[in-house]
Structures are given as C-alpha cells and as structure tokens.
Amino acid sequence: MNINLTMFGQLIMFAMFTWFCMKFIWPPIIIAMEERQKRIEGGLLAAERGRFEKAEAQIKAKEIINQSKSLATEIIANATRQASNMVEDAKYIALKEAGKVKEQAQAQLEQDTICVRNELKNKVSALVIQGVSAVLDKEVDVRLHQQMIGKLSESLS
Amino acid sequence: MLSTNEVITSSSYIKHHLQNLTYGQFPDGYWGFAHTSEQAKEMGFLAIHLDTLGVSFLLGILFLSFFYRIGKKMTYDTPSGTQNFIESVVSYINENVRGSFNGQNPMVAPLALTTFIWIVLMNTMDLVPVDWFPYIAQKIGVWFGADLHHVFFKVVPTTDPNATLGMSIGIFILIIYYSIKEKGMGGFAVELAFHPFGKMMLPFNLFLEGVNLIAKPISLALRLFGNMYAGEMIFILIALLPFWIQWSLSLPWAIFHILIVLLQAFIFMTLVIVYMDMAHQKEH
C-alpha cells in the first residue's frame with residue numbers, strides 16, 4: 001500500500017487508453033448509431049408521409065371519379081339532346097322533302113292529265129272527222145271544208 | 001499453498017495477499033524485487049507494482065481491442081449480439097454525458113467510456129477466487145527461480161491506491177487544464193478567490209476553494225480504493241474459513257460485490273463527467 005511510481009504508470013496508461021478510445025473507438029460506434037437513428041427516423045417519416053399521401057390520393061381519386069361521373073352524365077344528356085334534335089331535324093327535312101315530292105308528283109299528274117286529255121281530244125276529233133268524212137264521203141272536200149272541220153275539232157276539245 | 005517447512009498463519013496469509021509485486025530500488029542502491037513487505041516499504045517512492053500495472057494494462061488492452069474490433073465492423077442494418085451490447089453500453093454512457101455535461105468537448109464521452117469499462121474490468125478481478133492468480137503467479141515465480149513465499153501477486157488493481165490515485169490525478173490535470181482553457185487564467189483565479197463569500201473574504205475563499213479542488217481527486221481515488229479494498233479484504237477473510245463452508249459466505253458476498261463493482265465504476269464515471277462539466281462552466 002505504498003505510494004510510488006505505479007501511480008504515474010497508471011496515469012500514463014489511463015491517458016493512452018483514453019486517447020485511443022477517443023481516436024479510434026468512440027467515433028465509429030457513435031457515428032454508426034447516429035446513422036442508424038437517422039435512417040430509422042427517415043423511414044418513419046417516409047412511412048408517415050406515405051400514409052398521408054395515400055389518404056390524399058384516395059380523396060383525390062374520389063374527387064376525380066365524382067367529376068368524371070358528372071361529366072359522363074352531362075355528356076349523355078348532351079348526346080341525348082343532340083340525338084333528339086337530330087331526329088327532329090331529320091323528321092322536319094323528311095316531311096319537307098315528302099311535301100316537295102308530293103307536290104312534284106301532283107304537278108306531273110296534272111301535266112300528264114292535260115297531255116292525255118289533249119291527246120284524247122285530238123284522237124277523238126280525228127276519229128270524228130274520219131267518221132264524218134266516211135259519212136259524207138266525197139261530199140266534203142277536206143281542202144274545201146278545212147275551216148269547218150277545224151272549228152268542229154276545236155269545239156270537241 | 002501450504003509449504004512443508006513453513007506454517008502459514010492467518011495473519012501472514014492476509015499480509016501476503018495484501019502485498020503487491022514490487023520492483024524498485026533498495027536503500028543500498030540496486031534494483032530488484034522486494035521479497036517482503038518491509039523491503040517494499042523501504043523502497044519508498046522509487047518502486048513500481050508490476051501486478052497492478054500488468055493487470056490493468058492487460059484489462060485496458062482487452063477493453064480497447066474488443067471495442068475496436070466491434071467498432072470497425074459496425075453495421076447500420078441488423079447489428080449482431082455483441083454489437084448490440086457495445087451499442088447499449090455506449091448509448092448508456094452517452095446519455096449520462098449528455099445529461100450531466102453541458103459543454104462542448106468531444107473528449108468527455110470517450111473519457112467516461114474508458115473510465116467506466118476499465119474500472120468495471122479492474123473491479124471484476126475481485127470476483128475471481130482470491131487464491132487463483134497468486135497461485136499461478138507463485139508457480140511462474142518459482143519457475144523463474146524465486147522463493148515461493150516471496151512471490152506476491154495482488155490481482156485487483158483498484159485495491160492499490162496507486163491505481164486509483166493515478167486515474168484521479170489524470171482527472172485532476174484535466175480539471176485544471178479545462179478550467180483555465182474555458183474560463184481563462186483570470187476566470188479560474190476569480191473562481192478560486194472570490195467565491196463563495198466575495199472579495200472581502202479572499203484568504204478564506206482561497207482556502208475553501210483550494211480544499212474543494214484538492215478534495216476532488218483524493219476523494220475520487222480513495223472512494224474507489226476503499227470500497228474495493230474492503231471487498232477484497234472480506235474475500236480474503238472468507239478464504240481463511242474451512243474450504244467446505246467458504247461458499248456459504250463467499251457466494252452471497254460475490255453476488256453483492258457484483259453490485260459494488262458496477263456501482264463504484266458508475267460513481268467514478270459520473271463524478272468524472274460532473275467534474276468536467278464544472279470545469280467547463282463559465283458562470284459560477
């Protein structure tokens with residue numbers, strides 16, 4: 001239990017050990033631990049952010065779905081309206097066209113009637129003249145009675 | 001250890017166990033091993049305790065190499081069991097330092113770690129049965145040609161006041177160094193001279209603060225030494241009992257001593273941190 005040089009030996013050893021610990025042991029361990037702590041912290045933060053973003057995305061998705069739904073109904077409504085419009089238009093045009101066609105047909109019919117009547121008249125007058133000429137035989141000279149025959153055929157028409 | 005031609009009495013057994021392996025200068029000038037306690041005493045200051053230095057050196061190397069090896073292959077991802085152990089020790093020390101030390105000094109935490117682990121290891125030597133290492137040392141000593149009864153070996157470095165004083169003097173030097181560095185020569189002088197009673201009581205202040213300052217390393221060293229010495233003493237006394245009854249006392253005492261081993265190391269470390277904090281405080 002004597003106090004002697006051992007004290008200084010111990011002091012020098014203590015200093016050396018502390019120096020070595022400070023230089024080569026403490027830093028790598030504490031750096032690794034802090035690094036892991038940072039990583040875990042980052043991971044937790046990222047997870048939290050991910051959860052938040054997911055919730056946000058869900059809300060957004062719902063919004064988009066709702067929007068597209070209303071858009072779709074709008075489009076459908078528009079389309080229906082347009083379709084009915086088109087049908088109406090088509091109906092109108094068709095009716096108009098039909099009227100036109102009917103009119104044309106009527107005009108044609110009238111014209112044809114007139115034509116046929118004229119033809120019939122001519123044929124009848126020719127037939128009458130033929131009959132009359134047959135009856136009168138040579139007493140009527142066509143050239144001489146041209147005027148009378150013409151008046152007759154005119155009155156037949 | 002009973003020799004055929006010499007009877008070992010209780011008191012000689014105890015004395016033998018409390019004597020360090022001393023190498024030093026004899027009064028007549030030449031250097032050599034002390035064969036008796038009286039010779040060791042006569043050597044005075046010019047002597048070294050080879051057992052204290054050797055054991056504490058080996059334990060320090062054990063601590064450093066173990067931590068260094070683990071520290072070199074630290075991984076971020078899945079630490080191994082030993083890495084977990086090291087990390088828990090380091091983070092425990094780190095928390096202690098952060099809690100008590102408010103200054104900025106990267107040396108304090110490694111200092112605390114070294115102090116704690118080294119003292120724990122040195123104290124743990126106390127748990128080795130008291131006769132094992134001395135017995136081995138005697139065998140080696142005899143092999144080198146020494147007399148069986150002149151080979152001393154005290155295995156617990158912290159039961160040697162030289163070891164604890166050596167450490168606490170290191171702490172004392174650091175206290176002085178950082179006090180002057182952080183507060184300036186004037187600041188440190190003011191702290192010593194003008195506290196706690198103001199300028200009028202300067203001599204009294206100086207005396208009080210001086211005692212306060214000197215008491216720090218001495219109390220630090222003697223607390224650790226006293227606790228470990230007493231523990232070792234009780235182990236030696238238990239070893240005097242008949243061998244078949246020893247376990248009934250040595251086992252409870254060893255279990256209790258585990259607490260003291262850790263507690264004394266923790267107290268030493270905590271006080272080191274607190275003293276360092278006081279040295280770094282600018283405002284008193």
Side-chain angles (χ1 to χ4, degrees), chain A residues 1-69 71, chain B residues 18-20 22 24 37 40-41 43-50 52-53 56-57 60-61 63-64 67-68 70-77 79 83 86-87 90-91 93-94 106-107 109-111 113-115 117-118 157 159-171 173-174 225 229:
Chain A
M1 275 221 291
N2 315 308
I3 300 300
N4 52 32
L5 287 174
T6 313
M7 198 165 68
F8 295 106
Q10 194 79 7
L11 169 59
I12 291 162
M13 241 184 325
F14 186 38
M16 274 173 9
F17 289 160
T18 302
W19 174 82
F20 187 86
C21 181
M22 185 177 78
K23 209 83 184 163
F24 301 109
I25 291 174
W26 188 265
I29 294 176
I30 210 77
I31 283 169
M33 283 166 66
E34 274 168 6
E35 181 64 28
R36 172 157 349 99
Q37 209 167 354
K38 253 185 249 165
R39 280 190 187 194
I40 291 170
E41 229 166 77
L44 286 176
L45 269 178
E48 193 56 41
R49 204 169 49 230
R51 203 157 32 213
F52 181 70
E53 272 169 10
K54 191 191 154 199
E56 226 170 40
Q58 260 169 346
I59 291 170
K60 218 171 204 173
K62 230 174 238 174
E63 231 167 67
I64 289 171
I65 288 171
N66 283 346
Q67 265 179 2
S68 42
K69 257 185 196 164
L71 201 65
Chain B
L18 292 181
Q19 178 54 47
N20 285 97
T22 313
S37 302
K41 205 161 262 171
M43 284 173 176
F45 195 74
L46 285 178
I48 51 170
H49 295 157
L50 288 178
T52 299
L53 287 178
S56 52
F57 180 74
I61 294 297
F63 151 60
L64 291 179
F67 273 61
Y68 182 68
I70 301 299
K72 249 178 114 175
K73 47 178 186 182
M74 288 282 285
T75 58
Y76 305 131
D77 303 324
Q83 190 181 328
I86 299 276
E87 279 186 18
V90 167
S91 72
I93 305 278
N94 204 24
M107 195 213 62
L111 175 69
L113 177 69
T114 311
T115 311
I117 303 291
W118 199 26
T159 56
D160 181 354
N162 286 296
T164 57
L165 270 173
M167 293 180 82
S168 69
I169 286 170
I171 301 301
I173 292 168
L174 287 175
F225 160 70
Y229 188 77

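Labels below follow one simple rule: chain letters A, B, ... track the order of the sequence lines, proteins then strands, and each chain is numbered from 1.
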Asks: How about A:C21 and B:L64: do any of their side-chain heavy atoms sit closer than 4.5 Å?
Replies: yes
Asks: Flag the one option from B:G24, B:A40, B:G44, B:A163 with the top tally of heavy-atom pairs under 4.5 Å to chain A.
Replies: B:A163
Asks: Nearest 0.5 Å, please: how far is CG in B:L53 from CZ in A:F8?
Replies: 12.5 Å
Asks: Within the structure provided, determine whether B:T114 and A:W26 are in side-chain contact (heavy-atom separation under 4.5 Å).
Replies: no
Asks: Please look at B:I61 and chain A and tell me whether the side chain, the backbone, both or neither of the residue comes under 4.5 angstrom of a heavy atom of that chain.
Replies: both
Asks: Can the ring centroids of B:Y68 and A:F20 be said to lie less than 6.0 angstrom from one another?
Replies: yes
Asks: Less than 4.5 Å to any heavy atom of chain B: does that hold for the side chain of A:I30, its backbone, both, or neither?
Replies: side chain
Asks: What part of A:F17 gets closer than 4.5 Å to chain B, counting heavy atoms only: side chain, backbone, both or neither?
Replies: both
Asks: How far does CE of A:M7 sit from OG of B:S168, to the nearest 0.5 angstrom?
Replies: 8.5 Å
Asks: With side-chain contact (heavy atoms from CB on, under 4.5 Å) as the criterion, how do A:W19 and B:M107 come out once you've worked through the C-alpha distance, each side chain's angles and the decisive distance to 0.1 Å?
Replies: CA-CA 8 Å; A:W19 174 82; B:M107 195 213 62; over 6 Å; no
Asks: Do A:T6 and B:D160 have side chains that approach each other closer than 4.5 Å (heavy atoms only, starting at C-beta)?
Replies: yes
Asks: I need the residue from A:M16, A:M33, A:K23 with the largest number of non-hydrogen atom pairs under 4.5 Å to chain B.
Replies: A:M33
Asks: How about B:T52 and A:Q10: does a side-chain donor come under 3.5 Å of a side-chain acceptor?
Replies: no
Asks: Is there side-chain contact between B:M167 and A:L11, with heavy atoms separated by less than 4.5 Å?
Replies: no
Asks: Report yes if some heavy atom in the side chain of B:K72 is under 4.5 Å from a heavy atom in the side chain of A:P28; otherwise report no.
Replies: no
Asks: Go through the atoms of B:S37 and report whether side chain, backbone, both or neither lie under 4.5 Å from a heavy atom of chain A.
Replies: neither
Asks: Is there a donor-acceptor contact under 3.5 Å from the side chain of B:N162 to the main chain of A:N2?
Replies: yes
Asks: Within the 4.5 Å heavy-atom criterion, are B:L111 and A:F14 side-chain neighbours or not?
Replies: yes
Asks: Please rank B:A47, B:G60, B:P106, B:S56 by heavy-atom pairs under 4.5 Å with chain A and give me the top one.
Replies: B:A47
Asks: To the nearest 0.5 angstrom, please state how far the CD1 atom of A:I29 sits from the CG atom of B:L113.
Replies: 7.0 Å
Asks: Which answer fits B:I173, side chain, backbone, both or neither, if we ask what part of it has an atom under 4.5 Å from a heavy atom of chain A?
Replies: side chain
Asks: With a 4.5 Å heavy-atom cut-off, do A:E35 and B:M74 have their side chains touching?
Replies: no
